[in-house]
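It should be emphasised that the depicted structure is a prediction, and the values quoted were computed from it without experimental measurement. Naming: A, B, ... by sequence-line order, numbering from 1 per chain.
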Protein chains: 2
Amino acid sequence: MATALQKTIRALRAENSEFFQIALSVDCVILGFEDNELKVLLIKSDLEEYEGQWSLLGDLVRVDEDLDEASYRVLVDRTGLENVYLEQVYTFGQLNRHPAGRVVTTAYFSLVNIRDHELQLSNNELHWHSVKDIQSLAFDHLQILNKCLAQLREKIYEHPVVFNLLPEKFSLRELQSLFESIMGQKVDRRNFRKKIFLMKWLEDVNELEQDVPHRPGKLYRFKEEEQH
Amino acid sequence: MATALQKTIRALRAENSEFFQIALSVDCVILGFEDNELKVLLIKSDLEEYEGQWSLLGDLVRVDEDLDEASYRVLVDRTGLENVYLEQVYTFGQLNRHPAGRVVTTAYFSLVNIRDHELQLSNNELHWHSVKDIQSLAFDHLQILNKCLAQLREKIYEHPVVFNLLPEKFSLRELQSLFESIMGQKVDRRNFRKKIFLMKWLEDVNELEQDVPHRPGKLYRFKEEEQH
DNA sequence: GCAAAAGTGTTTTGCGTACACCCATGC
DNA sequence: GCATGGGTGTACGCAAAACACTTTTGC
């Protein structure tokens with residue numbers, strides 16, 4: 001930037017040194033879908049306060065790093081996955097949310113296909129947890145998880161985001177089961193199919209399920225939206 | 001906190017000193033409604049880069065201050081109003097959004113009744129601007145304003161937030177005009193009335209408009225919701 | 001042939017939308 | 001009496017919701 005600044009970053013920092021004692025982090029609610037259950041990727045907390053408890057994947061934001069980039073970095077580092085869906089949800093800034101000091105965190109949720117990165121998780125403290133079984137988490141992470149789920153619920157019938165959780169080809173039963181585990185309630189099969197087909201999100205791949213102990217269903221893939 | 005910390009704030013800061021060079025601010029999109037127009041409270045920018053341009057009201061977050069408290073403080077300090085509606089919208093963390101250095105900002109929107117604090121604005125650089133006339137703002141504040149408006153639009157037919165913008169008693173025409181200026185489009189009067197009455201948000205105060213050059217309309221007040 | 005899930009249609013109901021006329025008041 | 005906005009009702013279309021039977025496959 002060529003022009004002189006009335007207030008340079010240096011001056012700002014001198015005037016307001018205390019303000020720079022706030023650390024900024026990102027926390028990722030990484031969701032997957034497996035065995036007809038919505039799952040979230042958690043890590044064992046490394047803080048004594050939260051020993052034995054699970055927490056979301058997060059990290060401090062670097063000074064030369066965009067906020068979105070920071071969450072993407074956390075995701076890539078921990079899962080090895082690239083090109084994943086990521087969306088900012090909310091920023092949590094309560095005073096004592098982190099026992100080690102003032103840390104404000106911005107929560108993102110991410111939707112990944114579990115099968116794609118199964119191998120990456122073998123040798124560390126990361127595990128998939130069924131969302132419906134989670135009773136508590138370290139820090140305020142349960143609150144963060146719930147906020148992310150609420151935002152996801154508001155969105156799934158409007159925007160085709162959930163396809164990020166599924167393999168390329170999937171049956172309508174899988175899709176319905178996914179919706180049900182996100183919404184937390186059963187839906188009528190016929191009405192669900194009508195609604196989904198109305199959205200024009202799906203493309204018939206002319207294949208059938210394999211190795212199911214019943215009549216196989218047709219497989220579909222997500223149709224990339226043509227409008228812009 | 002009685003227990004020892006595996007990582008104290010001091011250790012964290014030593015390990016990660018560069019991370020503490022990120023400043024955190026809040027920016028408030030303070031909205032009001034006057035002369036049938038949605039307005040936003042803006043202040044002349046004090047940065048040379050943005051000389052002559054208008055910006056949202058914001059401030060750095062203090063280390064001992066909750067994020068929500070910070071936005072509330074900005075609001076009270078600038079408008080003198082208390083008990084106002086305030087809602088977090090989004091956090092903007094692009095690298096070069098602030099010319100003075102790395103400042104991540106969390107945006108809040110606030111809905112106030114302009115009449116209530118008219119007197120507080122007389123002697124400073126604050127002015128109400130008609131939202132529909134705003135072409136540009138300092139920093140990324142136009143983007144922030146638009147994000148807040150989008151969130152408000154999504155919400156107004158679901159939650160009775162807009163009543164914060166109106167005086168205690170108002171006519172249905174005022175209410176409709178408010179909805180129209182937020183949504184940016186006209187609506188049918190009969191359908192609007194039906195929809196609003198269905199919400200059961202309103203209470204008839206058995207009074208009529210005064211000093212209108214036409215048939216006076218009935219006045220209503222917002223009914224506090226009984227269900228928690 | 002039995003179990004298990006796939007696939008399919010109709011009816012009802014509520015909501016959004018489009019649309020026109022008479023009424024009350026100020027001037 | 002005229003201008004201005006207040007107040008009201010009906011008809012249509014679509015989408016959501018409720019609901020049951022036949023078909024296909026594996027075993």
Exercise. So is Lys195(B) actually on top of Tyr157(B)'s ring, under 6.0 Å and inside 45° of the axis?
Worked result: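 Positive - Lys195(B) is close enough to the ring of Tyr157(B) and near enough to its axis.
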Exercise. When the nearest nucleotide of DNA chain C is assigned to Asn191(B) and to Phe197(A) on a heavy-atom basis, which residue is associated with the more 5' position?
Worked result: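 Its nearest nucleotide lies further toward 5', so the answer is Phe197(A).
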[X] [atom1] - [N] [atom2] separation (whole Å):
X         : N       : atom1 : atom2 : answer
Glu158(A) : dA16(D) : CD    : C1'   : 14 Å
Asp188(B) : dG7(D)  : CG    : P     : 15 Å
Leu198(A) : dG9(C)  : CG    : C1'   : 15 Å
Arg189(A) : dA4(C)  : CZ    : C1'   : 10 Å
Tyr157(B) : dG16(C) : OH    : P     : 10 Å
Gln176(B) : dT17(C) : CD    : P     : 13 Å
Leu175(A) : dG7(C)  : CG    : P     : 13 Å
Glu209(B) : dG6(D)  : CD    : P     : 7 Å

Exercise. From Ser55(A) OG over to Asp27(A) CG, what is the distance, rounded to the nearest 0.5 angstrom?
Worked result: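 The distance works out to 7.5 Å.
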For this session: Answer with yes or no whether Lys194(B) presents, from its side chain, a donor or acceptor under 3.5 Å of a partner atom in the base of dT17(C).
Result: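 Side chain to base: pair present.
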Exercise. Are Glu207(B) and Lys218(B) ion-paired here, with the side-chain N under 4.0 Å from a carboxylate O?
Worked result: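 Not counted as a salt bridge, because no side-chain N and carboxylate O are separated by less than 4.0 Å.
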Exercise. So does Arg215(A) pair up with Glu209(A), basic N to acidic O under 4.0 Å?
Worked result: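 No salt bridge links Arg215(A) with Glu209(A).
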For this session: Specify whether His127(B) and His129(B) have parallel, tilted or perpendicular ring planes, treating 30° as the upper limit for parallel and 60° as the lower limit for perpendicular.
Result: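 His127(B) and His129(B): perpendicular rings.
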Problem set entry | No-hydrogen, no-angle side-chain donor-acceptor test under 3.5 Å, Ser130(B) and Glu37(B) |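 Checked: Ser130(B)/Glu37(B) side chains pair up, N/O donor to acceptor below 3.5 Å.
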Sort me out a list of protein N/O and nucleotides 23-27 of chain C N/O pairs below 3.5 Å, or just none if empty.
{"from": "dC23(C)", "atom 1": "O2", "to": "Arg215(B)", "atom 2": "NH1", "distance (Å)": "3.1"}
{"from": "dA24(C)", "atom 1": "O4'", "to": "Arg215(B)", "atom 2": "NE", "distance (Å)": "3.4"}

For this session: Check whether any side-chain N or O of Arg173(A) sits under 4.0 Å from OP1 or OP2 of dA6(C), and answer yes or no.
Result: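 Checking dA6(C) against Arg173(A), a side-chain N or O does come within under 4.0 Å of OP1 or OP2.
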Problem set entry | N or O in side chain of Arg193(A) less than 4.0 angstrom from dG7(C) OP1/OP2 |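 Yes, within the criterion.
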For this session: With salt bridge (charged side-chain N to carboxylate O under 4.0 Å, His left out) as the test, would you mind laying out the steps for Glu51(B) and Lys44(B) before giving the verdict?
Result: CA-CA 8 Å; Glu51(B) 198 172 346; Lys44(B) 278 259 177 70; over 6 Å; no
